[in-house]
Amino acid sequence: MKKIFAAIIITGLISSCSKSFLETLPVDTITEEDFYKTPADAYQALVSAYSVLNWDGYGNIMLSSEIASDDCFGGGGNSDNGWNQWDKSIKMNDLNSDAWKKYFTGIYRANVFLQKVEKVDFNGDEATKKRYTAEAHFLRAYYYFDLVRMFGNVPLLTQPLEPGNYNIPQATPDSIYHLIASDLKQAAADLPATPFPGIPSSEYGRATKWAAEALLGRVFLYYTGYYNKPDVAGVFTKADAIAAIDDVIKNSGHGLVEKYGNLFRASADNAADYAGQNNKEGVFTIQYTYLGMGDQNQFNGNRMQVMIGIRGQVLAPYYKGWGAATVNGNLYQAYAPGDTRQFASIISIDGEH
(Lines give C-alpha, C1' and ligand atoms only; values in the text may rest on other atoms or scores of the structure.)
Protein backbone atom coordinates (compact mmCIF):
# COMPACT_ATOMS: atom_id res chain seq x y z
CA MET A 1 0.00 0.00 0.00
CA LYS A 2 2.82 2.41 0.88
CA LYS A 3 4.52 1.79 -2.49
CA ILE A 4 1.30 2.54 -4.36
CA PHE A 5 0.76 5.76 -2.37
CA ALA A 6 4.28 6.92 -3.12
CA ALA A 7 3.79 6.22 -6.80
CA ILE A 8 0.61 8.32 -6.82
CA ILE A 9 2.43 11.26 -5.20
CA ILE A 10 5.31 11.13 -7.67
CA THR A 11 2.89 10.87 -10.63
CA GLY A 12 0.95 13.85 -9.34
CA LEU A 13 4.08 15.94 -8.96
CA ILE A 14 5.26 15.16 -12.46
CA SER A 15 1.90 15.86 -14.06
CA SER A 16 1.63 19.19 -12.24
CA CYS A 17 5.05 20.43 -13.50
CA SER A 18 5.18 22.48 -16.65
CA LYS A 19 7.83 22.00 -19.34
CA SER A 20 9.35 25.39 -18.51
CA PHE A 21 9.86 24.32 -14.91
CA LEU A 22 11.72 21.19 -15.98
CA GLU A 23 13.98 23.29 -18.19
CA THR A 24 14.82 25.77 -15.44
CA LEU A 25 18.43 25.60 -14.28
CA PRO A 26 19.32 25.16 -10.60
CA VAL A 27 19.45 28.41 -8.67
CA ASP A 28 23.19 28.06 -8.04
CA THR A 29 24.09 27.90 -11.75
CA ILE A 30 25.34 31.05 -13.46
CA THR A 31 24.96 31.28 -17.22
CA GLU A 32 26.32 33.88 -19.60
CA GLU A 33 22.77 35.10 -20.21
CA ASP A 34 22.28 35.76 -16.50
CA PHE A 35 25.70 37.34 -16.01
CA TYR A 36 27.17 40.75 -16.93
CA LYS A 37 24.21 42.65 -15.51
CA THR A 38 25.42 44.20 -12.27
CA PRO A 39 28.64 45.92 -11.16
CA ALA A 40 29.29 42.88 -8.95
CA ASP A 41 29.15 40.67 -12.06
CA ALA A 42 31.60 42.95 -13.85
CA TYR A 43 33.97 42.86 -10.88
CA GLN A 44 33.92 39.05 -10.79
CA ALA A 45 34.70 38.93 -14.50
CA LEU A 46 37.57 41.37 -14.03
CA VAL A 47 38.97 39.31 -11.16
CA SER A 48 38.92 36.25 -13.43
CA ALA A 49 41.17 38.12 -15.87
CA TYR A 50 43.51 39.13 -13.03
CA SER A 51 43.62 35.58 -11.66
CA VAL A 52 45.62 34.35 -14.65
CA LEU A 53 48.56 36.38 -13.31
CA ASN A 54 48.72 33.82 -10.51
CA TRP A 55 49.28 30.95 -12.95
CA ASP A 56 52.94 30.26 -12.57
CA GLY A 57 55.65 27.69 -13.18
CA TYR A 58 56.72 26.53 -16.62
CA GLY A 59 54.88 29.49 -18.15
CA ASN A 60 56.98 32.03 -16.24
CA ILE A 61 58.84 34.23 -18.73
CA MET A 62 61.48 35.16 -16.17
CA LEU A 63 62.35 31.52 -15.45
CA SER A 64 62.57 30.47 -19.10
CA SER A 65 64.60 33.52 -20.13
CA GLU A 66 67.03 33.19 -17.23
CA ILE A 67 67.68 29.52 -18.03
CA ALA A 68 68.01 30.24 -21.75
CA SER A 69 70.54 32.99 -21.02
CA ASP A 70 74.16 32.64 -19.93
CA ASP A 71 73.26 33.66 -16.36
CA CYS A 72 71.84 30.30 -15.26
CA PHE A 73 72.06 26.60 -16.03
CA GLY A 74 69.04 24.34 -16.41
CA GLY A 75 69.58 22.66 -13.07
CA GLY A 76 66.98 20.43 -11.44
CA GLY A 77 67.22 16.68 -11.11
CA ASN A 78 68.12 13.86 -13.48
CA SER A 79 64.57 13.62 -14.81
CA ASP A 80 64.04 17.37 -15.25
CA ASN A 81 65.00 17.36 -18.91
CA GLY A 82 62.89 20.38 -19.83
CA TRP A 83 65.06 22.88 -18.01
CA ASN A 84 68.23 21.44 -19.50
CA GLN A 85 66.65 21.68 -22.93
CA TRP A 86 65.89 25.36 -22.35
CA ASP A 87 69.50 25.79 -21.32
CA LYS A 88 70.89 24.11 -24.42
CA SER A 89 68.17 25.21 -26.85
CA ILE A 90 67.18 21.60 -27.50
CA LYS A 91 63.56 20.91 -28.45
CA MET A 92 62.05 17.97 -26.59
CA ASN A 93 59.51 18.73 -23.87
CA ASP A 94 57.35 21.67 -24.87
CA LEU A 95 57.39 23.49 -21.54
CA ASN A 96 56.60 26.75 -23.29
CA SER A 97 53.10 25.49 -24.10
CA ASP A 98 52.10 26.40 -20.55
CA ALA A 99 52.99 30.02 -21.25
CA TRP A 100 50.97 29.96 -24.50
CA LYS A 101 47.93 28.62 -22.63
CA LYS A 102 48.35 31.04 -19.74
CA TYR A 103 48.62 34.23 -21.76
CA PHE A 104 45.90 33.45 -24.26
CA THR A 105 43.57 32.52 -21.40
CA GLY A 106 44.23 35.92 -19.85
CA ILE A 107 43.71 37.63 -23.22
CA TYR A 108 40.48 35.73 -23.76
CA ARG A 109 39.10 36.74 -20.37
CA ALA A 110 40.03 40.38 -20.92
CA ASN A 111 38.40 40.28 -24.36
CA VAL A 112 35.20 38.76 -22.97
CA PHE A 113 35.05 41.47 -20.34
CA LEU A 114 35.56 44.25 -22.89
CA GLN A 115 32.88 42.74 -25.10
CA LYS A 116 30.30 42.34 -22.33
CA VAL A 117 30.91 45.36 -20.12
CA GLU A 118 28.48 47.53 -22.12
CA LYS A 119 25.64 45.24 -21.01
CA VAL A 120 26.29 45.94 -17.34
CA ASP A 121 24.04 48.45 -15.59
CA PHE A 122 26.40 50.57 -13.49
CA ASN A 123 23.51 52.74 -12.28
CA GLY A 124 25.18 55.87 -13.57
CA ASP A 125 28.54 55.09 -11.94
CA GLU A 126 30.62 55.83 -15.01
CA ALA A 127 33.81 56.18 -12.96
CA THR A 128 33.69 52.52 -11.90
CA LYS A 129 32.89 51.40 -15.43
CA LYS A 130 35.80 53.44 -16.79
CA ARG A 131 38.18 52.01 -14.21
CA TYR A 132 37.18 48.38 -14.78
CA THR A 133 37.47 48.84 -18.54
CA ALA A 134 40.91 50.42 -18.19
CA GLU A 135 42.09 47.54 -16.00
CA ALA A 136 41.00 45.03 -18.65
CA HIS A 137 42.95 46.97 -21.31
CA PHE A 138 46.00 47.00 -19.04
CA LEU A 139 45.79 43.24 -18.47
CA ARG A 140 45.42 42.47 -22.17
CA ALA A 141 48.51 44.57 -22.90
CA TYR A 142 50.44 42.94 -20.06
CA TYR A 143 49.65 39.42 -21.30
CA TYR A 144 50.42 40.27 -24.91
CA PHE A 145 53.75 41.88 -24.00
CA ASP A 146 54.98 38.68 -22.35
CA LEU A 147 53.51 36.54 -25.12
CA VAL A 148 55.07 38.42 -28.03
CA ARG A 149 58.46 38.54 -26.32
CA MET A 150 58.41 34.77 -25.85
CA PHE A 151 57.03 33.70 -29.21
CA GLY A 152 57.46 36.56 -31.71
CA ASN A 153 54.65 36.12 -34.22
CA VAL A 154 51.37 35.30 -32.44
CA PRO A 155 47.66 35.59 -33.32
CA LEU A 156 46.14 39.00 -32.65
CA LEU A 157 42.82 38.64 -30.83
CA THR A 158 40.67 41.58 -29.80
CA GLN A 159 37.42 39.61 -29.60
CA PRO A 160 36.63 36.24 -27.96
CA LEU A 161 37.01 33.39 -30.43
CA GLU A 162 33.75 31.84 -31.57
CA PRO A 163 33.35 28.04 -31.83
CA GLY A 164 34.74 26.77 -35.09
CA ASN A 165 36.81 29.90 -35.68
CA TYR A 166 40.09 28.82 -34.16
CA ASN A 167 42.35 28.97 -37.22
CA ILE A 168 43.64 32.50 -36.68
CA PRO A 169 46.80 33.43 -38.60
CA GLN A 170 49.80 34.88 -36.81
CA ALA A 171 50.16 38.64 -36.79
CA THR A 172 53.34 40.62 -37.15
CA PRO A 173 54.99 41.94 -33.97
CA ASP A 174 54.24 45.48 -35.21
CA SER A 175 50.51 44.74 -35.06
CA ILE A 176 50.79 43.24 -31.58
CA TYR A 177 52.76 46.19 -30.25
CA HIS A 178 50.27 48.60 -31.81
CA LEU A 179 47.56 46.96 -29.68
CA ILE A 180 49.76 46.88 -26.57
CA ALA A 181 50.60 50.58 -26.82
CA SER A 182 47.00 51.55 -27.58
CA ASP A 183 45.69 49.53 -24.63
CA LEU A 184 48.25 51.01 -22.25
CA LYS A 185 47.62 54.59 -23.39
CA GLN A 186 43.91 54.16 -22.69
CA ALA A 187 44.66 52.49 -19.37
CA ALA A 188 47.04 55.26 -18.30
CA ALA A 189 44.39 57.88 -19.09
CA ASP A 190 41.60 56.19 -17.12
CA LEU A 191 43.23 54.32 -14.21
CA PRO A 192 43.47 55.79 -10.68
CA ALA A 193 46.42 58.09 -10.01
CA THR A 194 46.54 57.58 -6.25
CA PRO A 195 50.12 58.11 -5.05
CA PHE A 196 51.81 55.41 -3.00
CA PRO A 197 51.39 54.79 -0.05
CA GLY A 198 47.82 56.08 -0.26
CA ILE A 199 46.67 52.98 -2.15
CA PRO A 200 44.42 50.90 0.19
CA SER A 201 45.80 47.45 1.04
CA SER A 202 42.57 45.95 -0.32
CA GLU A 203 43.60 47.23 -3.77
CA TYR A 204 47.17 45.92 -3.80
CA GLY A 205 47.81 44.16 -7.09
CA ARG A 206 45.31 46.22 -9.10
CA ALA A 207 46.59 48.25 -12.05
CA THR A 208 47.07 51.98 -11.58
CA LYS A 209 47.97 54.90 -13.83
CA TRP A 210 51.57 54.47 -12.66
CA ALA A 211 51.61 50.79 -13.62
CA ALA A 212 50.36 51.58 -17.12
CA GLU A 213 52.87 54.40 -17.61
CA ALA A 214 55.76 52.32 -16.27
CA LEU A 215 54.85 49.43 -18.56
CA LEU A 216 54.59 51.82 -21.50
CA GLY A 217 58.13 52.95 -20.82
CA ARG A 218 59.32 49.36 -20.62
CA VAL A 219 57.50 48.44 -23.84
CA PHE A 220 59.11 51.42 -25.60
CA LEU A 221 62.62 50.42 -24.51
CA TYR A 222 62.17 46.80 -25.54
CA TYR A 223 60.41 47.34 -28.84
CA THR A 224 62.60 50.16 -30.13
CA GLY A 225 65.76 48.40 -28.99
CA TYR A 226 64.98 44.87 -30.19
CA TYR A 227 63.34 45.85 -33.47
CA ASN A 228 65.42 49.01 -34.05
CA LYS A 229 62.35 51.23 -34.40
CA PRO A 230 61.98 54.96 -33.64
CA ASP A 231 58.70 54.56 -31.74
CA VAL A 232 56.16 51.92 -30.75
CA ALA A 233 54.22 51.14 -33.91
CA GLY A 234 53.37 54.80 -34.48
CA VAL A 235 51.41 54.95 -31.22
CA PHE A 236 53.97 55.83 -28.57
CA THR A 237 56.99 58.07 -29.19
CA LYS A 238 60.24 58.65 -27.33
CA ALA A 239 58.83 61.92 -25.98
CA ASP A 240 55.75 60.03 -24.75
CA ALA A 241 57.96 57.47 -23.01
CA ILE A 242 60.03 60.13 -21.27
CA ALA A 243 56.91 61.96 -20.12
CA ALA A 244 55.34 58.75 -18.79
CA ILE A 245 58.42 57.68 -16.85
CA ASP A 246 58.96 61.21 -15.50
CA ASP A 247 55.36 61.21 -14.28
CA VAL A 248 55.92 57.94 -12.40
CA ILE A 249 59.17 59.20 -10.86
CA LYS A 250 57.82 62.59 -9.81
CA ASN A 251 54.21 61.91 -8.89
CA SER A 252 53.56 58.23 -8.13
CA GLY A 253 55.12 58.05 -4.67
CA HIS A 254 57.00 54.94 -5.78
CA GLY A 255 60.76 54.78 -5.44
CA LEU A 256 63.71 52.70 -4.35
CA VAL A 257 63.87 51.24 -0.87
CA GLU A 258 66.70 52.54 1.25
CA LYS A 259 68.78 49.37 0.97
CA TYR A 260 68.70 46.78 -1.83
CA GLY A 261 69.11 43.84 0.57
CA ASN A 262 65.91 44.82 2.37
CA LEU A 263 63.90 43.71 -0.65
CA PHE A 264 64.50 40.09 0.37
CA ARG A 265 63.67 38.55 3.72
CA ALA A 266 66.87 36.47 3.84
CA SER A 267 69.23 39.37 3.16
CA ALA A 268 67.57 42.06 5.28
CA ASP A 269 69.61 43.06 8.32
CA ASN A 270 66.70 42.09 10.57
CA ALA A 271 62.99 41.30 10.33
CA ALA A 272 61.99 44.91 10.88
CA ASP A 273 64.06 46.06 7.88
CA TYR A 274 62.44 43.66 5.40
CA ALA A 275 60.50 45.85 2.96
CA GLY A 276 57.74 43.30 2.40
CA GLN A 277 55.83 42.38 -0.72
CA ASN A 278 53.89 45.56 -1.41
CA ASN A 279 56.68 48.03 -0.77
CA LYS A 280 57.19 51.32 -2.59
CA GLU A 281 59.33 49.75 -5.34
CA GLY A 282 56.41 47.62 -6.51
CA VAL A 283 54.62 49.71 -9.13
CA PHE A 284 52.66 46.58 -10.14
CA THR A 285 52.94 43.55 -7.88
CA ILE A 286 51.27 40.20 -8.53
CA GLN A 287 49.45 38.96 -5.44
CA TYR A 288 50.29 35.27 -5.27
CA THR A 289 48.22 33.03 -3.00
CA TYR A 290 49.00 29.89 -1.02
CA LEU A 291 45.85 28.06 -2.18
CA GLY A 292 47.78 25.76 -4.52
CA MET A 293 50.14 24.54 -1.81
CA GLY A 294 50.80 20.83 -2.23
CA ASP A 295 48.51 20.50 -5.27
CA GLN A 296 50.18 20.80 -8.67
CA ASN A 297 46.75 20.87 -10.35
CA GLN A 298 46.00 24.23 -8.76
CA PHE A 299 47.03 27.34 -10.67
CA ASN A 300 47.92 29.23 -7.53
CA GLY A 301 51.13 30.37 -5.90
CA ASN A 302 54.59 31.52 -6.88
CA ARG A 303 55.82 28.25 -8.35
CA MET A 304 58.95 29.84 -9.74
CA GLN A 305 60.06 30.23 -6.15
CA VAL A 306 59.53 26.48 -5.65
CA MET A 307 61.36 25.62 -8.85
CA ILE A 308 64.50 27.58 -8.02
CA GLY A 309 64.64 26.56 -4.35
CA ILE A 310 67.58 24.49 -3.10
CA ARG A 311 67.18 20.93 -4.31
CA GLY A 312 65.56 18.76 -1.67
CA GLN A 313 67.11 20.51 1.34
CA VAL A 314 65.80 22.92 3.93
CA LEU A 315 68.72 25.22 4.66
CA ALA A 316 67.38 28.03 6.81
CA PRO A 317 66.40 30.69 6.02
CA TYR A 318 65.67 29.04 2.64
CA TYR A 319 63.12 26.32 2.00
CA LYS A 320 63.60 23.36 -0.31
CA GLY A 321 62.69 23.35 -3.98
CA TRP A 322 63.57 21.67 -7.27
CA GLY A 323 66.95 23.24 -7.91
CA ALA A 324 66.20 24.82 -11.29
CA ALA A 325 68.13 27.79 -12.73
CA THR A 326 71.36 27.25 -10.83
CA VAL A 327 73.47 30.38 -11.17
CA ASN A 328 76.48 30.45 -13.46
CA GLY A 329 79.61 31.09 -11.39
CA ASN A 330 80.70 33.72 -13.87
CA LEU A 331 77.65 35.80 -12.97
CA TYR A 332 78.39 35.48 -9.26
CA GLN A 333 81.98 36.59 -9.78
CA ALA A 334 80.90 39.52 -11.97
CA TYR A 335 79.99 41.52 -8.88
CA ALA A 336 82.75 43.81 -7.65
CA PRO A 337 84.31 42.89 -4.28
CA GLY A 338 82.17 44.26 -1.47
CA ASP A 339 79.07 44.73 -3.64
CA THR A 340 76.26 43.80 -1.21
CA ARG A 341 73.95 42.97 -4.11
CA GLN A 342 75.91 39.76 -4.63
CA PHE A 343 74.83 38.25 -1.31
CA ALA A 344 71.32 39.68 -1.58
CA SER A 345 70.68 38.37 -5.11
CA ILE A 346 72.37 34.96 -5.24
CA ILE A 347 72.47 32.07 -2.79
CA SER A 348 76.04 30.81 -2.50
CA ILE A 349 76.13 27.68 -0.35
CA ASP A 350 79.78 28.29 0.49
CA GLY A 351 79.04 31.88 1.37
CA GLU A 352 76.20 31.03 3.74
CA HIS A 353 78.49 29.82 6.53
Side-chain angles (χ1 to χ4, degrees), residues 28-32 34-64 95-117 119-120 128-150 154 157-161 179-180 183-184 187 190-192 199-208 211-212 214-215 277-278 282-307:
D28 62 346
T29 299
I30 299 176
T31 66
E32 188 172 329
D34 298 326
F35 205 62
Y36 296 103
K37 293 183 176 180
T38 69
D41 294 340
Y43 183 74
Q44 288 186 53
L46 183 62
V47 169
S48 77
Y50 268 106
S51 70
V52 179
L53 293 168
N54 205 34
W55 295 17
D56 206 13
Y58 294 123
N60 189 300
I61 186 173
M62 183 180 294
L63 179 66
S64 58
L95 299 184
N96 292 326
S97 62
D98 282 4
W100 185 273
K101 178 180 178 181
K102 168 185 174 177
Y103 293 122
F104 271 119
T105 299
I107 291 165
Y108 170 80
R109 293 182 181 183
N111 280 338
V112 170
F113 178 90
L114 292 170
Q115 183 187 67
K116 303 291 187 181
V117 69
K119 298 181 179 180
V120 177
T128 297
K129 178 182 178 181
K130 180 182 289 187
R131 180 182 183 181
Y132 287 4
T133 302
E135 287 180 89
H137 280 290
F138 173 87
L139 289 170
R140 184 169 68 180
Y142 183 97
Y143 293 135
Y144 255 126
F145 185 44
D146 275 3
L147 188 71
V148 72
R149 284 186 295 158
M150 288 191 73
V154 297
L157 306 175
T158 58
Q159 298 287 334
L161 290 178
L179 176 67
I180 292 171
D183 275 346
L184 289 177
D190 294 339
L191 284 170
I199 299 171
S201 60
S202 60
E203 294 191 1
Y204 286 162
R206 293 183 70 173
T208 64
L215 188 54
Q277 177 178 358
N278 293 294
V283 180
F284 182 66
T285 306
I286 297 173
Q287 307 296 297
Y288 289 108
T289 77
Y290 65 90
L291 299 177
M293 187 179 295
D295 184 356
Q296 293 297 318
N297 294 317
Q298 290 286 330
F299 291 114
N300 285 293
N302 187 348
R303 293 192 183 182
M304 179 179 172
Q305 184 62 40
V306 177
M307 291 181 174

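Side chains are part of it too, since the values below use all heavy atoms of this structure and drop only hydrogens, waters and symmetry mates.
- Using a distance-only test at 3.5 Å, with no hydrogens or angles considered, no donor-acceptor pair links the side chain of Tyr36 to the main chain of Ala45.
- Across all non-hydrogen atoms, the minimal contact from Arg109 to Ser48 is NH1-O, 2.9 Å.
- The minimum heavy-atom distance between Lys102 and Leu53, with the atom names listed, is NZ-O, 4.1 Å.
- Around atom OH of Tyr288, more than 12 heavy atoms belonging to other residues, nucleotides or ligands sit under 6.0 Å away.
- Atom OG1 of residue Thr208 and atom CD of residue Glu135 lie 9.5 Å apart, to the nearest 0.5 angstrom.
- For Ala136 against Phe113, the heavy-atom pair with the smallest separation is CB-CD2, 3.6 Å.
- Remark: Arg149 qualifies as a cation-pi partner of Phe145 under the 6.0 Å distance and 45° angle criteria applied to the six-membered ring.
- Nearest approach of Leu63 to Met307, heavy atoms of both residues: CD2-SD, 3.4 Å.
- Taking the side chain as every heavy atom from C-beta outward, Phe138 and Tyr143 never approach each other to under 4.5 Å.
- With hydrogens and angles disregarded, a donor-acceptor distance shorter than 3.5 Å links the side chain of Gln277 to the backbone of Ile286.
- In this structure, Lys129 places its NZ atom where more than 12 heavy-atom neighbours from other residues, nucleotides or ligands lie under 6.0 Å away.
- The side-chain hydrogen bond (donor to acceptor under 3.5 Å, both in side chains) check on Tyr103 picks up Asp146, with sequence neighbours excluded.
- Asp56 and Met304 get closest at one heavy-atom pair: OD2-N, 3.4 Å.
- Here the rule is side chain to side chain contact (heavy atoms under 4.5 Å, CB included) with Thr158, and of Leu114, Asp183, Leu179 only Leu179 fits it.
- For OH of Tyr204, the number of neighbouring non-hydrogen atoms (other residues, nucleotides, ligands) closer than 6.0 Å is greater than 12.
- Scanning for side-chain hydrogen bond (donor to acceptor under 3.5 Å, both in side chains) contacts around Gln115 gives Gln159, with sequence neighbours left out.
- Ring geometry for Tyr132 versus Tyr43: interplanar angle of 30 to 60°, hence tilted.
- With Tyr50 contributing its side chain and Ala207 its backbone, the two residues share a donor-acceptor pair below 3.5 Å.
- Gln287 and Asn278 share a donor-acceptor pair across their side chains, judged by distance under 3.5 Å alone.
- A donor-acceptor contact shorter than 3.5 Å links the side chain of Asp41 to the backbone of Lys37.
- Here the closest heavy-atom approach between residue Gly59 and residue Asp98 is recorded as N-CB, 3.9 Å.
- In this structure, Thr133 OG1 and Asp190 CG are separated by 8.0 Å, a value rounded to the nearest 0.5 Å.
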